[in-house]
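So that the names make sense, note that chain A is the first sequence line, chain B the second, and so on, each numbered from 1. Side chains are part of it too, since the values below use all heavy atoms of this structure and drop only hydrogens, waters and symmetry mates. Computed from a prediction, not measured in an experiment: that's the story for all the values here.
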Amino acid sequence: MAGEARVVTGGFHQRVYDVVRSVPAGSVTTYGDVAAALGSPRVARHVGWALAALRDGDVPWHRVINSKGRISLRGATGRGELQRARLEAEGVEFSPTGRVDLRRFRWHFEPGC
DNA sequence: GGTTTGACCATAA
DNA sequence: CTTATGGCCAAAC
């Protein structure tokens, strides 16, 4: 193959970053979606964990929220406010309850790419 | 190599 | 709306 085969076990986090990086500004996604994009919809917890290990980089972790369109961020509400500020700066609208309209801003990963 | 944990998800009350 | 519980699986200890 022409070097596109990335079946790397143990580099689970690395794949998470790659998927999140493919999310354009103005769109959001959920942990479950990212996990499903990786091939396992049950690893949603690890997606959050991978993002938790992030600090500063090219990974737009703020575009990843939970299924209810809400920001969870256990124990780190400070980043939650940062996340919302960044999303609003990118054009994502929040509901009066502080939730994002996933019906419009949810990003769809492209299959076979 | 077993135990603990965790930025989740779904369901129930 | 919130709180609690089970499940699921990889990384960290």
Side-chain angles (χ1 to χ4, degrees):
Chain A
M1 310 294 206
E4 211 64 75
R6 56 191 93 194
V7 192
V8 185
T9 54
F12 186 87
H13 289 178
Q14 196 66 35
R15 296 178 60 181
V16 174
Y17 306 144
D18 190 35
V19 173
V20 177
R21 233 182 256 133
S22 65
V23 179
S27 299
V28 297
T29 185
T30 66
Y31 299 97
D33 273 10
V34 175
L38 294 173
S40 299
R42 306 159 195 265
V43 296
R45 311 182 73 167
H46 309 346
V47 175
W49 205 49
L51 298 179
L54 278 173
R55 299 186 186 175
D56 223 357
D58 304 329
V59 184
W61 56 269
H62 52 265
R63 292 180 194 143
V64 186
I65 53 184
N66 62 16
S67 311
K68 300 180 182 71
R70 190 146 202 193
I71 304 171
S72 292
L73 285 173
R74 277 186 180 162
T77 51
R79 290 184 190 172
E81 294 183 27
L82 174 64
Q83 179 170 18
R84 175 178 170 172
R86 286 195 174 187
L87 290 175
E88 290 181 312
E90 294 184 351
V92 178
E93 298 179 23
F94 277 75
S95 299
T97 51
R99 295 197 301 198
V100 179
D101 192 347
L102 293 174
R103 301 170 302 177
R104 295 178 55 194
F105 297 103
R106 190 172 184 178
W107 171 252
H108 297 271
F109 296 100
E110 298 182 4
C113 190

Where do N or O atoms of nucleotides 5-9 of chain B meet protein N or O atoms at under 3.5 Å, pair by pair?
from	atom 1	to	atom 2	distance (Å)
B:dG6	N7	A:Arg45	NH2	3.4
B:dG6	N2	A:His46	ND1	3.0
B:dA7	N7	A:Ala52	N	3.0
B:dA7	N6	A:Leu51	O	2.6
B:dA7	N3	A:Tyr31	OH	3.3
B:dC8	OP1	A:Ser72	OG	2.8
B:dC8	N3	A:Arg45	NE	3.3
B:dC8	N4	A:Arg45	NH2	2.9
B:dC9	OP1	A:Ser67	N	3.1
B:dC9	OP1	A:Ser67	OG	2.2
B:dC9	OP2	A:Ser67	N	3.2
B:dC9	OP2	A:Ser67	OG	3.4
B:dC9	O5'	A:Ser67	OG	3.4

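Partners of A:Arg70 according to the side chain to side chain donor-acceptor pair (under 3.5 Å) rule, which considers only residues two or more places apart in sequence or in another chain, do not exist here. In this structure A:Trp61 satisfies the ring pair (Phe, Tyr, Trp, His ring centres under 6.0 Å) test with no other residue, sequence neighbours excluded. A:Arg84 meets the side chain to side chain donor-acceptor pair (under 3.5 Å) test with A:Glu88; sequence neighbours excluded. A:Ser72 pairs by the side chain to side chain donor-acceptor pair (under 3.5 Å) definition with A:Asn66, not counting sequence neighbours.
In this structure, A:Arg63 reaches neither bases nor backbone, as no heavy-atom distance under 4.0 Å exists between it and the strands shown.
Closest-nucleotide positions on DNA chain C for A:Arg70 and A:Val43 were compared, and the one nearer the 5' end corresponds to A:Arg70.
Within the hydrophobic cluster formed by Ile, Leu, Val, Met, Phe, Trp and Tyr side chains joined at under 4.5 Å, directly or through other members, A:Phe105 is accompanied by A:Val28, A:Ile65, A:Ile71, A:Leu73, A:Leu87, A:Val92, A:Phe94, A:Val100, A:Leu102.
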